[in-house]
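Encoded as structure tokens, the structure appears first; notes follow it.
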Amino acid sequence: MRRLLLLAALVTACAPRSASPEPPAEAKGPALSDAEAEALATAYGELGGALGRGDFPAALAALDRAAEIDAGDPALDYLHASVLAAAKLVTDAQEELTRLDKAGSLLVPQKHDFPGLEGPEFERLVKAARARLPASASVRAFTLAERDLIPEGIAHDPKTGTFFVGSIYKRKIVAVDAKGAARDLVVDTGPPNEGLYSPLGMKFDAARGSLWVASAAVPSMPGYVEAEHRGRAALHEIDPSTGKMLARYPLDAKRQGLLNDMVIGEGGEVYVTDSEGGGVHVLRPGPDARLEEFVPPGSFGYPNGIALSDDGSTLFVADFVRGVTAIPLATRQLRVLPHPRGVFAHGFDGLYFRRGALIGVDNGAGGGRIVRLSLTPSFDRIETATVLEAGHPDFIIPTTGVLVDDSLVYIANSQLRSFEGGKIFPPEKLFPVQVLRLPLR
């Protein structure tokens, strides 16, 4: 009976609506006001809470509020269809995807986003979206043959040309030289609480010659014990030549969190997002170095990508709820950046600052995109959004990248969802890891 009431509420909440037309490659125009940006963040927060408790009518209502504020964002229609599919309203989900197709959407439907949708019509929608994608600008940087790496973070040493790629599944870091030859740099099979958890974000400190790695316990991966390891995380300084751990800074055992991505300041300060805690920590160099609270817990809804302006004045944090938040280091006052209507700016995995703009890796709706968000000179709003790459054939949940010269070198197929029943897919269902290079115009 409860299930029937839920489905009845869903039908009431999800009256058919027109799909948003796909915005042009460069979206500009009137931006949201500060009040609208905050209201949009509230709607996304309600959406996340509703999905967390399985309340699909509330989730659809939150999406409708978001669509009223940010009219023209096709990602909201895509999410709407995905929630319908999760609620087993397969016909309604299919109809919404069909409306997106007729509107010319570039969001390629992903099977994992639409449980229950399969067959010729779904495949037609996938092929139609792929056929509309612009020609790809990305080229192959290198390939890693290990199909079961499940990588998330990547860093680069500009002096030697070496790339570093972390494996969540194998708890190791691979070094790839300038010729593309790979070797294991760090392999940590010991007790997680004494060494490396699953490596996530990584940055190379060229000024000091150190590799910095954020690691966090992922209980679904091998080697972890739920009761012992959940909520554990650490920041590591590693010798890039030998793989020796130079320093380990664990998150306070009393505070559960997930250290995710990081950026390094000119003075060697390391700012790192705490996705589960909802804040940002900083580690300042010195004999008494330790992780300190920079932005209080609960300030964000799963913060992930983080970037620092070239002048060192402003941090930018991407999360699912607020979108992109600017944080002047001098004041630490959080400000949601308003953006042009119809632009999806919520939940970037990787985030990078380049020439007055942010480059974001979006692995949410529609197969993945690389987006450039041009900022005002005062960093107080997003002026334009340009899609630089979308739906590349190699994309299987792109995660993070690194700026190298005038390109973004990024992980194209992390394969983060390649698990079933707590076990990784067999090798024949996995793919070699593809790292792509996207020229930044």
Side-chain angles (χ1 to χ4, degrees), residues 150-155 164-174 184-205 208-240 242-265 267-300 302-306 315 317 319 399-400:
I150 314 299
E152 205 277 347
I154 183 171
F164 305 93
V165 179
S167 168
I168 295 176
Y169 181 65
K170 293 187 172 181
R171 286 177 55 211
K172 72 176 185 178
I173 297 169
V174 176
D184 288 349
L185 177 69
V186 180
V187 179
D188 202 326
T189 57
N193 286 345
E194 297 176 9
L196 192 71
Y197 298 108
S198 291
L200 299 173
M202 301 196 297
K203 287 290 186 296
F204 190 86
D205 186 348
R208 282 153 283 271
S210 292
L211 176 65
W212 286 90
V213 180
S215 76
V218 184
S220 60
M221 300 292 175
Y224 294 110
V225 178
E226 176 83 15
E228 182 181 354
H229 299 129
R230 174 165 290 281
R232 298 287 183 259
L235 188 63
H236 312 263
E237 183 182 11
I238 292 173
D239 185 316
T242 65
K244 178 182 177 182
M245 192 175 299
L246 303 175
R248 183 179 189 272
Y249 303 95
L251 192 64
D252 188 339
K254 297 179 182 179
R255 173 186 290 170
Q256 290 197 344
L258 189 150
L259 300 182
N260 202 331
D261 206 355
M262 72 181 80
V263 68
I264 300 175
E269 309 87 357
V270 182
Y271 300 91
V272 56
T273 50
D274 181 351
S275 295
E276 289 193 358
V280 176
H281 300 283
V282 63
L283 181 114
R284 304 183 190 279
D288 299 321
R290 61 182 178 83
L291 285 168
E292 303 172 20
E293 181 182 290
F294 186 78
V295 178
S299 298
F300 302 101
Y302 206 89
N304 198 340
I306 184 170
L315 272 179
V317 176
D319 77 319
T399 52
T400 62

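Just the heavy atoms: all of them, side chains too, but no hydrogens, waters or symmetry mates, feed the values below.
What you find for Y197 and R248 is that their closest heavy atoms are CE1-NH2, 3.3 Å. Shown here for S210 and P240, the closest heavy-atom pair between the two residues is CA-CD, 4.4 Å. Smallest separation of non-hydrogen atoms from A233 and L258: CB-CA, 4.4 Å. When all heavy atoms of K172 and V174 are compared, the closest pair comes out as CE-CG2, 3.9 Å. Across all their heavy atoms, L200 and L259 have their closest contact at CD1-O, 3.3 Å. Looking at every heavy atom in both residues, M202 comes nearest to F164 through CE-O, 3.0 Å.
Remark: R208 pairs with D205 by the salt bridge (Lys or Arg N to Asp or Glu O under 4.0 Å) rule, at least two apart or across chains. Shown here are the side chain to side chain donor-acceptor pair (under 3.5 Å) partners of S215, two or more places apart in sequence or in another chain: H236. With sequence neighbours excluded, no residue forms a salt bridge (Lys or Arg N to Asp or Glu O under 4.0 Å) with D319. Checked against side-chain contact (heavy atoms from CB on, under 4.5 Å), V263 has the following partners two or more places apart in sequence or in another chain: Y271, I306, L308, L315. Looking at residues two or more places apart in sequence or on another chain, you find no salt bridge (Lys or Arg N to Asp or Glu O under 4.0 Å) involving D239. Partners of Y249 under the ring-ring contact (aromatic ring centres under 6.0 Å, His included) rule, at least two apart in sequence or in another chain, do not exist in this structure.
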List, one per line, each side-chain donor-acceptor pair under 3.5 Å for residues 275-286, sequence neighbours excluded.
unit_1, atom_1, unit_2, atom_2, d
S275, OG, N260, ND2, 2.9
S275, OG, P303, O, 2.5
H281, NE2, D274, OD2, 3.2

Distance-only criterion, 3.5 Å: show the donor-acceptor pairs between side-chain atoms of residues 291-300 and protein atoms not counting sequence neighbours.
unit_1, atom_1, unit_2, atom_2, d
E293, OE1, R255, NH2, 3.3
S299, OG, P296, O, 2.7

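Considering only heavy atoms from C-beta on, D261 comes within 4.5 Å of K203 through its side chain.
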